[in-house]
Amino acid sequence: MSAGINENFSSEYPVGTKPYIIRAIYEWSIDNQHTPQILVNTDHEGVAVPGQYIQNSRIILNIHPRSVDQLVIVKYEISFASSFSGKSFQLVIPVDSVMAIYGRENGQGVVFNEEPQPMVEQDQANGKHAESEETQDASSTKAPHLKLVK
């Protein structure tokens with residue numbers, strides 16, 4: 001496990017796969033001497049980044065250990081300190097705001113689509129949960145949630 005990553009991922013509540021994939025691509029990038037970068041949607045609630053570096057509601061951040069201090073990747077957010085034009089900032093990135101993580105040198109990584117929420121209906125007759133027909137039809141024609149960045 002790379003230094004600086006919080007390994008406390010246990011929880012009473014279910015957590016999506018996104019923080020785990022972010023950690024995996026981060027570690028893969030470091031192991032292969034690449035620079036892990038994240039693309040962040042800055043319109044997302046809770047994003048704390050220097051505003052003057054935002055372009056079109058997006059910011060690309062280098063999260064290589066040589067570029068940041070106190071990197072913490074946990075279930076719901078990524079936080080670290082970094083310098084911009086010689087001034088230090090504490091950044092907070094909600095995991096849900098991360099649009100992609102990839103290696104700067106080769107562009108390989110993952111682009112995240114918005115995670116779908118399951119549509120479950122209560123079957124009043126027998127008290128069991130059943131997946132709606134809309135969800136079943138949509139899931140058979142949907143593309144996968146993740147794509148490789150080339």
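In this structure, NE2 in His64 is found 4.0 Å from CD1 in Ile30, a value given to the nearest 0.5 Å. Here the straight-line distance linking atom CD of Glu27 with atom CG of Asn32 works out to 12.0 Å at 0.5 Å rounding. How far CD1 of Ile63 is from CD1 of Ile38: 5.0 Å, rounded to the nearest 0.5 Å. The CH2 atom of Trp28 sits 4.5 Å away from the NE2 atom of His34 when rounded to the nearest 0.5 Å. In this structure, the separation between CE on Met99 and CD1 on Ile60 is 10.0 Å, given to the nearest 0.5 Å. Rounding to the nearest 0.5 angstrom, the gap separating the OG atom in Ser97 from the CD1 atom in Ile78 is 7.5 Å.
Nearest heavy atom pair, residue Phe112 against residue Val98, reads CD1-O, 3.8 Å. When all heavy atoms of Ser82 and Ser67 are compared, the closest pair comes out as OG-O, 3.4 Å. Annotation for His44 and Asp96: closest pair NE2-CB, 3.3 Å, computed over non-hydrogen atoms. Residues Val95 and Val74 approach most closely at CG2-O, 3.7 Å, considering heavy atoms. Pairing each heavy atom of Val47 with each of Asn41, the nearest pair is CG2-O, 3.6 Å. Contact record, Lys75 with Pro19: O-CG, 3.4 Å, taken as the closest heavy-atom pair.
Distance alone, capped at 3.5 Å, places no donor-acceptor pair between the Ser79 side chain and the Leu91 backbone. Although no hydrogens or angles enter the test, the distance criterion places a donor-acceptor pair under 3.5 Å between the side chain of Gln90 and the main chain of Phe80.
Tyr26 is listed as a side-chain neighbour of Pro65, based on a closest heavy-atom distance under 4.5 Å. Side-chain contact between Val49 and Phe84 is absent, with no heavy-atom pair separated by less than 4.5 Å. Side-chain contact between Leu61 and Ile93 is present, with heavy atoms from C-beta onward closer than 4.5 Å.
With hydrophobic clusters built from ILVMFWY side chains whose heavy atoms lie under 4.5 angstrom apart, Ile54 shares a cluster with Val40. Phe89 and Val92 sit in two unconnected hydrophobic clusters of ILVMFWY residues. Membership requires side-chain heavy atoms under 4.5 Å apart, directly or through other members.
If you check the side chains of Glu105 and Thr35, you find a donor sitting under 3.5 Å from an acceptor.
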What's the verdict on side-chain contact (heavy atoms from CB on, under 4.5 Å) for Tyr20 and Lys18, showing C-alpha distance, side-chain angles and the deciding distance? CA-CA 5 Å; Tyr20 297 92; Lys18 196 171 186 178; over 6 Å; no
Where do Leu39 and Arg58 land on the side-chain contact (heavy atoms from CB on, under 4.5 Å) test, with the steps shown first? CA-CA 7 Å; Leu39 172 63; Arg58 307 289 187 260; 4.0 Å; yes
Where do Ser29 and Tyr102 land on the side-chain hydrogen bond (donor to acceptor under 3.5 Å, both in side chains) test, with the steps shown first? CA-CA 8 Å; Ser29 295; Tyr102 57 93; over 6 Å; no
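Remark: Gln52 CD is packed, more than 12 non-hydrogen atoms of other residues, nucleotides or ligands lying under 6.0 Å away.
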